[in-house]
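A note on names: the letters A, B, ... follow the listed sequences, proteins ahead of strands, and every chain is numbered from 1. Because only heavy atoms are used, hydrogens play no part in the values below, and waters and symmetry mates are left out as well, while side chains stay in.
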Number of protein chains: 2
Amino acid sequence: MKNRLKVLRAERDWTQADLADKLEVSRQTINAIEKGKYDPSLPLAFKVARLFEMPIEAIFEDETELEVG
Amino acid sequence: MKNRLKVLRAERDWTQADLADKLEVSRQTINAIEKGKYDPSLPLAFKVARLFEMPIEAIFEDETELEVG
DNA sequence: ACTTTAAGTAAAGCATGCTTGACATTTATA
DNA sequence: TATAAATGTCAAGCATGCTTTACTTAAAGT
């Protein structure tokens, strides 16, 4: 799953640690999500969306295949 | 986290097993999410949103407190 | 009443999300 | 160049998401 965290941070001049603080997660969690090591949980995705005041879909981009079935 | 899965299913006359099949997860997973036992992962939430053709926020409702900080 | 279908629930196990602590690398700045 | 700030990464451990198997309960149709 792609995400725009790095850009959204840059627009606000926030460090990964800044964002981590605001979201109440560890800095490593932000780093891992930005680097695509794993996806955030849904509750964390909601928190991100609220912080940036935009829909989840405007921040995270799903790239899983469409069904064949 | 509240969700409208049960209603969305009912509108389409789908069983939990039907929905599970369409989402490629187990029936128990659908049951657990509907009963609020846990939240779906973000990828699964995206899959649900695509299936019902509506934004994640129209299906799942976050109810975590706003920051005091 | 019987049968079937749907929904609920539980346990064990594996995969993923997130934590802390520590250390390495990169980037900016004195 | 030296120092500090920001980012990257790893390991161990705990919490959550999801699986399979299996059983129970509820609802619906015969």
*Salt-bridge test for Glu24(B) and Lys47(B): reply yes if a basic N is under 4.0 Å from a carboxylate O, no otherwise.*
yes
*Does CD in Glu11(A) sit with more than 12 non-hydrogen atoms of other residues, nucleotides or ligands closer than 6.0 Å?*
yes
*Describe the nucleic acid contact of Ser41(A) in one word from base, sugar-phosphate, nothing, applying a heavy-atom distance below 4.0 Å.*
sugar-phosphate
*How large an angle, rounded to 10°, do the end axes of the helix from dA1(C)-dT30(D) to dA30(C)-dT1(D) enclose when each is built from five base pairs?*
40°
Name every donor-acceptor pair, under 3.5 Å, that has one atom in a side chain of residues 26-33 of chain A and the other anywhere in the protein, sequence neighbours excluded.
unit_1: Ser26(A); atom_1: OG; unit_2: Thr29(A); atom_2: N; d: 3.2
unit_1: Ser26(A); atom_1: OG; unit_2: Thr29(A); atom_2: OG1; d: 3.0
unit_1: Asn31(A); atom_1: ND2; unit_2: Gln16(A); atom_2: OE1; d: 3.0

*What distance do Asn3(A) atom CG and Phe60(A) atom CZ have between them, rounded to the nearest 0.5 Å?*
5.5 Å
*Could you tell me which residues satisfy salt bridge (charged side-chain N to carboxylate O under 4.0 Å, His left out) with Asp39(A), sequence neighbours excluded, listed by chain and number?*
none
*Can you spot which of Leu19(A), Leu23(A), Val25(A) makes a side chain to side chain contact (heavy atoms under 4.5 Å, CB included) with Val48(A)?*
Leu23(A)
*Under a criterion of less than 4.0 angstrom to any heavy atom of chain B, what are the 5'-terminal and 3'-terminal contacting nucleotides of DNA chain D?*
dG17(D) to dA22(D)
Short heteroatom pairs, N/O only, protein and nucleotides 8-10 of chain C, under 3.5 Å:
unit_1: dG8(C); atom_1: OP2; unit_2: Gln16(B); atom_2: NE2; d: 2.7
unit_1: dG8(C); atom_1: OP2; unit_2: Asn31(B); atom_2: ND2; d: 2.8
unit_1: dG8(C); atom_1: N7; unit_2: Arg27(B); atom_2: NH1; d: 3.3
unit_1: dG8(C); atom_1: O6; unit_2: Arg27(B); atom_2: NH2; d: 2.8

*Whole-Å gap separating C1' (dC18(C)) and CD1 (Ile33(A))*: 9 Å
*Atom CG of Leu42(A) and atom P of dC18(C): how far apart are they, to the nearest Å?*
10 Å
*How many angstroms lie between CZ in Arg12(B) and NZ in Lys22(B), if you round to the nearest 0.5 Å?*
10.0 Å
*asked:* Assuming nearest nucleotide by heavy-atom distance, tell me which of Thr15(B) and Pro43(B) is located more 5' along DNA chain C.
replied: Thr15(B)
*Hey, is the main chain of Met1(B) close enough, under 3.5 Å, to the side chain of Glu63(B) for a donor-acceptor pair?*
yes
*Set of residues satisfying side chain to side chain contact (heavy atoms under 4.5 Å, CB included) with respect to Glu57(B), sequence neighbours excluded*: Phe46(A), Ala49(A), Pro55(A), Ile56(A), Glu57(A), Pro55(B)
_Any heavy-atom pair between the side chains of Arg9(B) and Leu5(B) that's under 4.5 Å?_
no
